2 protein chains.
Amino acid sequence: MIERFHLQLLTAVDECGTLTLAADKLHLSQSALSHSIKKLEQQLGTAVWEKDGRKLRLTQAGRQILILAKRLLPQFEHTELLLTQIAKGQRGSLRIGMECHPCYQWLLKVVSPFLETWPGVEVDVKQEFQFGGMGALFDYDIDVLVTPDPLFKSGVTFIPVFDFEQRLVVSQSHPLATLQQIEPADLQNQTLITYPVEPQRLDIFSQFLAPAGCTVKRHRHIEATEIMLQMVSAGRGVAALPGWLVDTYARSLKLVSLRLGTKGIMKHIYLGMRNNDVNIDYIADFVRLAKQTENQVDEG
Amino acid sequence: MIERFHLQLLTAVDECGTLTLAADKLHLSQSALSHSIKKLEQQLGTAVWEKDGRKLRLTQAGRQILILAKRLLPQFEHTELLLTQIAKGQRGSLRIGMECHPCYQWLLKVVSPFLETWPGVEVDVKQEFQFGGMGALFDYDIDVLVTPDPLFKSGVTFIPVFDFEQRLVVSQSHPLATLQQIEPADLQNQTLITYPVEPQRLDIFSQFLAPAGCTVKRHRHIEATEIMLQMVSAGRGVAALPGWLVDTYARSLKLVSLRLGTKGIMKHIYLGMRNNDVNIDYIADFVRLAKQTENQVDEG
DNA sequence: TTTATCTATGCATTAATTTCATGGTTTGGC
DNA sequence: GCCAAACCATGAAATTAATGCATAGATAAA
């Protein structure tokens, strides 16, 4: 069996020229190296080098091992370097799961500074989960779940990082645009545009229309946030989206956002993660950066 | 220090699912594996896997090691396979040195069947040596020397493999073409074409012209055998080459070969090799094949 | 020929690995 | 909800391997 040590030994002899000098370099006795090689040679059934005077000359077999050494040793060392970085928390992978369609815009504000602070951490964002965001978290498909609907189960921690109000968006010229607030009945003759997810996961249904026993004239699905806002701007329908998100497009697209009900629909974005991971440096820092965005958005 | 064993261990656990089954596969106790990993984890400063119920789940660090394992282990195994072939003499390299210009044609007849018999042996032919063929042999630049001039020194073995007569080649229409044999004086008014080497290494000088105190009208150098024969065919000069070599071109180029002196210049091709290498299977077989060509050439 | 240098090897010592025995945890069946 | 089975962790003992010392053998240089 060729061991890593043998590769180091061959390399050292190649660099130093003699077994004695190689022994110094490896902080071992010349005897130890001699014994090691003898044993290897017995196992392989072939000599690694032959004596030429008092020098050693690699045999065909020895040359092959040296070639192997020069190829493999750097890879061992590279992985070990990687592991010390992982041990220090400087390196790893952060797989973010998104269970909140409009939050994508917000996420970018968090990821951007994160990437600068943690160049060794690979960030990946996933949006589709076979067994829901929680399943993905438990199955180690993701490391952090961005969701407005936390499930406080044992084994996972959910931390609120951002508060916002879910508001109705309409175009400036829309009949509802002048109202102070929207009541469920106001939407009876409207086209409501939402992301293509089950209605029970949409707050405007579960917290606003359904409790009042109301419905809308038409319900359309659109995947992309910007297209959705373009449609609203063109008067083709209304949508329910986070207030801060509407604000960033309000001027350019001539949009107005309105409170839903008297108190409004107040939401929180939570970051969910496995308890074991909470103390990993770069994950803790991701949470910290996520909390910071609240101020930025309010100011902006 | 990540050792080869750790790579095998990680791979086995990855394949078997549990540490216990991996232990069976590696013919070790479950305890031994557990201890090994614990020690590695201490050295690395990071866990390799974490317990998830009674299963083991790789950590980020563990995944890196597994990636390393899947890349490096096959390379270890490949080299070990190579070494067993080298040990059995099925594989190696045969670097042939040529110190005999016209012998190249002959060599091809030997190399061709050799390559078929020894697919694992890499054959290389060298023709230029800084310190002569013997030096190249001693310096391990070549493994076999093809030469008509053996030097019987200790450490090397020279084996005669092929006998031939060095004859003068002239065109059919040349004035000398009708002679039974050539005497040194016959060449006084001739242009002699030879390979570009020192005259003392040319038999026609050292064994024929020089002893008789004769010389030629002109001496030209040409590197390539076929061009040399074309020149002779065109009546531009005469040359001294092995009889069997001339025979193969005699009809197509309208050439005649003549004996030099009464007894002719008789030569032998020798194969020289280091004593240590004489018993290597594929080298011994190369010698055997070289000896066989004698019959083939005589017949052809 | 002598001396310095280098590798090989037997033997005693030291270190590392492995196993055994056992305890703790989790899972699944009853 | 309890019990048995499966699995991993761990301490201590036993085994095995690696290492260094001392020295012999061999080569090259002086």
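Throughout, a chain's letter reflects where its sequence line sits, starting with A, and its residues are numbered from 1. Fair warning: this is a prediction, and the values are worked out from it, not measured in the lab.
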**Q** Please check if the side chain of B:His35 supplies one atom and the backbone of B:Ala32 the other of a donor-acceptor pair under 3.5 Å.
**A** no

**Q** At 4.0 Å (heavy atoms only), tell me whether B:Thr20 reaches a base, stays on the sugar-phosphate, or touches nothing.
**A** sugar-phosphate

**Q** Would you say D:dA9 has OP1 or OP2 under 4.0 Å from some side-chain N or O of B:Ser34?
**A** yes

**Q** Would you mind telling me which of D:dG20, C:dC6, D:dC7 lies closest to the side-chain atoms of A:Thr18?
**A** C:dC6

**Q** Tell me whether the rings of B:Phe162 and B:Trp106 are parallel (<30°), tilted (30 to 60°) or perpendicular (>60°).
**A** parallel

**Q** When the distance from CD of A:Glu3 to P of C:dT17 is rounded to whole Å, what number comes out?
**A** 11 Å

**Q** Could you give the CD-to-C1' distance, from A:Gln30 to C:dT9, as a whole number of Å?
**A** 10 Å

**Q** Quick one: which protein N/O atoms are closer than 3.5 Å to N/O atoms of nucleotides 11-16 of chain C? Pair and distance per line, please.
**A**
none

**Q** So if I take every side-chain heavy atom of B:Leu28 and compare against C:dT19, D:dC8, C:dA8, which nucleotide ends up nearest?
**A** C:dT19

**Q** By nearest atom, which of the nucleotides D:dC8, D:dG20, C:dC6 is closest to the B:Leu19 side chain?
**A** D:dC8

**Q** Between C1' on D:dA18 and CG on A:Leu33, what's the gap in Å once rounded to a whole number?
**A** 12 Å

**Q** Can you name the nearest heavy-atom pair linking A:Trp49 to A:Glu41, along with the distance?
**A** N-OE2, 3.7 Å

**Q** We want to know whether B:Glu99 and B:Thr147 form a side-chain donor-acceptor pair, criterion being a heavy-atom distance below 3.5 angstrom.
**A** yes

**Q** With a 3.5 Å distance limit and no angle check, can you tell me whether A:Glu80 reaches the backbone of B:Ile2 through a side-chain donor-acceptor pair?
**A** yes

**Q** Rounded to the Å, how far apart are A:Leu40 CG and D:dT19 P?
**A** 14 Å

**Q** Ion pair present between B:Asp124 and B:Arg95, side-chain N to carboxylate O less than 4.0 angstrom?
**A** no

**Q** What is the separation between atom CD1 on A:Ile37 and atom C1' on C:dT9, rounded to the nearest whole Å?
**A** 16 Å

**Q** Between D:dA5 atom P and B:Leu21 atom CG, what is the distance in whole Å?
**A** 18 Å

**Q** Can you identify which nucleotide, out of D:dG11, C:dT18, D:dC8, has its nearest atom closest to the B:Ser31 side chain?
**A** D:dG11

**Q** Starting from P on D:dC8, measure out to CG on B:Leu58 and report it in whole angstrom.
**A** 13 Å

**Q** Give the nucleotide from the list C:dC6, C:dT18, D:dA9 with an atom nearest to the side chain of B:Ser36.
**A** C:dT18

**Q** Take the protein atom CZ of A:Phe5 and the nucleotide atom P of D:dA17, then report the distance between them rounded to whole Å.
**A** 16 Å

**Q** Is the shortest distance from a Lys or Arg side-chain nitrogen in B:Asp14 or B:Lys70 to a carboxylate oxygen in the other one below 4.0 Å?
**A** yes

**Q** For a quick check of understanding: with a heavy-atom distance under 4.0 Å over all strands, which category does A:Lys38 fall into, base, sugar-phosphate or nothing?
**A** sugar-phosphate

